[in-house]
Amino acid sequence: MSHSSNEESLPASGPSPFTSSQPTLADLLTIEASASIYYSYAREIDLSSLFSSESVWFAILVPTNKAVMALARKPHQGPEHVEPQPEISEQELDERSKRNVERWVSAHIIPSRISLSDAPVTYETLQDEKLITFNPVPNSKPDLPEWMRVTLEDGVRIIGMKEAQNGVLYLIDGTVIPN
């Protein structure tokens with residue numbers, strides 16, 4: 001067997017034109033300790049596979065672990081029902097829980113590039129009919145980054161920002177409530 005035939009099967013040396021030294025959203029979520037609860041919920045649904053895809057661009061508003069723990073009802077529980085609910089099977093409970101998680105995770109994802117320079121600005125999220133409005137912070141210093149000069153609904157603040165090759169991760173000190 002000729003040695004050269006083995007060499008032909010090896011990948012060409014040097015970086016591929018499709019690789020980037022910048023991490024993906026999945027990479028950032030993996031190493032961001034303060035976002036581990038959100039990412040844990042996100043990994044329960046198929047949508048999370050897109051966090052490592054180079055074919056999408058997301059702006060993800062990631063609640064800190066502290067913000068998720070402060071919720072009266074956890075994301076998998078969904079909104080509280082006013083009227084009593086009949087007994088449901090464990091399978092129905094699992095399906096409802098998965099739908100609630102998907103709604104909550106999706107409500108934090110804007111499937112496009114965003115600009116915060118002209119706040120107030122409103123963007124659609126991946127959750128049906130859920131819009132997020134970024135409002136200007138009154139009297140904010142113009143030399144601060146754009147993300148530090150806005151708040152979300154209910155005064156939720158962006159407390160950190162990291163760029164990825166397929167989007168931007170914004171750490172927020174509260175949560176977005178799904179429709």
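In what follows, residues are counted from 1 in the order of the sequence shown.
- Contact check for Thr24 versus Phe51: no side-chain heavy atoms found under the 4.5 Å cut-off.
- To the nearest 0.5 Å, atom CG of residue Asp46 and atom CD of residue Glu102 are 7.5 Å apart.
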Do Val56 and Leu25 pass the side-chain contact (heavy atoms from CB on, under 4.5 Å) test, and can you show the C-alpha distance, the side-chain angles, and the key distance before you say yes or no?
CA-CA 10 Å; Val56 298; Leu25 289 167; 6.0 Å; no
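- A distance of 9.0 Å separates CG in Asp173 from NZ in Lys66, rounded to the nearest 0.5 Å.
- Under a hydrophobic clustering in which Ile, Leu, Val, Met, Phe, Trp and Tyr are joined whenever their side-chain heavy atoms come within less than 4.5 Å, directly or via other members, Met161 and Leu28 fall into different clusters.
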Just distance, no hydrogens or angles: give the donor-acceptor pairs under 3.5 Å from side chains in residues 33-43, sequence neighbours left out.
residue	atom	partner	partner atom	Å
Ser34	OG	Glu32	OE2	2.8
Ser36	OG	Ala33	O	3.3
Ser36	OG	Asn65	ND2	3.1
Tyr38	OH	Val105	O	3.1
Tyr41	OH	His76	ND1	3.0

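- For Asp143, the CG atom counts as densely surrounded, since its 6.0 Å shell holds more than 12 non-hydrogen atoms of other residues, nucleotides or ligands.
- With rounding to the nearest 0.5 angstrom, the CZ atom of Arg149 is 9.0 Å from the CG atom of Leu116.
- Residues Val137 and Ile114 fall into different hydrophobic clusters, defined by Ile, Leu, Val, Met, Phe, Trp and Tyr side chains chained together at heavy-atom separations under 4.5 Å.
- When every heavy atom of Gly174 is checked against every heavy atom of Pro63, the shortest pair comes out as O-CB, 3.2 Å.
- Interatomic distance, CH2 of Trp57 versus CG of Asn166, reported as 7.5 Å (0.5 Å rounding).
- Under the 4.5 Å side-chain heavy-atom criterion for Ile, Leu, Val, Met, Phe, Trp and Tyr, Leu29 and Met69 are members of the same hydrophobic cluster.
- Using a 4.0 Å cut-off between charged nitrogen and carboxylate oxygen, Arg96 and Glu92 count as a salt-bridge pair.
- Residues Gln22 and Asp27 are not in side-chain contact: their nearest non-hydrogen atoms beyond the backbone lie 4.5 Å or more apart.
- Contact of the Tyr170 side chain with the Val168 side chain is registered, since non-hydrogen atoms from C-beta on lie closer than 4.5 Å.
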Stepwise, does the side-chain contact (heavy atoms from CB on, under 4.5 Å) test hold for Leu171 with Ile158?
CA-CA 6 Å; Leu171 278 174; Ile158 299 173; 5.9 Å; no
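- Atom CD of Glu54 sits about 12.5 Å away from atom CG of Leu50, to the nearest 0.5 Å.
- Using a 4.5 Å heavy-atom threshold, the side chains of Leu144 and Lys141 count as touching.
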Could you go step by step and tell me if Thr125 and Ile109 meet the side-chain contact (heavy atoms from CB on, under 4.5 Å) rule?
CA-CA 5 Å; Thr125 68; Ile109 302 172; 5.8 Å; no
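- The hydrophobic clustering, which links ILVMFWY residues whose side-chain heavy atoms are closer than 4.5 Å, places Leu169 and Leu61 apart.
- When every heavy atom of Ser53 is checked against every heavy atom of Ser55, the shortest pair comes out as OG-OG, 2.7 Å.
- Thr133 is not listed as a side-chain neighbour of Val121, based on a closest heavy-atom distance of 4.5 Å or more.
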Show your working on side-chain contact (heavy atoms from CB on, under 4.5 Å) between Leu152 and Ile132 and close with a plain yes or no.
CA-CA 7 Å; Leu152 284 67; Ile132 293 184; 4.1 Å; yes
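- Contact annotation: the side chain of Ser115 never approaches that of Phe134 to less than 4.5 Å [non-hydrogen atoms, C-beta and beyond].
- Atom CD of Glu124 is surrounded by 12 or fewer heavy atoms from other residues, nucleotides or ligands within 6.0 Å.
- The distance from atom CD1 of Ile172 to atom CD1 of Ile60, rounded to the nearest 0.5 Å, is 11.0 Å.
- In this structure, Glu95 places its CD atom where more than 12 heavy-atom neighbours from other residues, nucleotides or ligands lie under 6.0 Å away.
- Between the side chains of Asn100 and Ser97, no donor N or O sits under 3.5 Å from an acceptor N or O.
- At least one side-chain heavy atom of Leu126 sits less than 4.5 Å from a side-chain heavy atom of Phe58.
- Under a hydrophobic clustering in which Ile, Leu, Val, Met, Phe, Trp and Tyr are joined whenever their side-chain heavy atoms come within less than 4.5 Å, directly or via other members, Val150 and Met148 fall into the same cluster.
- Side-chain contact between Val156 and Val176: absent, with no pair of heavy atoms (C-beta onward) separated by less than 4.5 Å.
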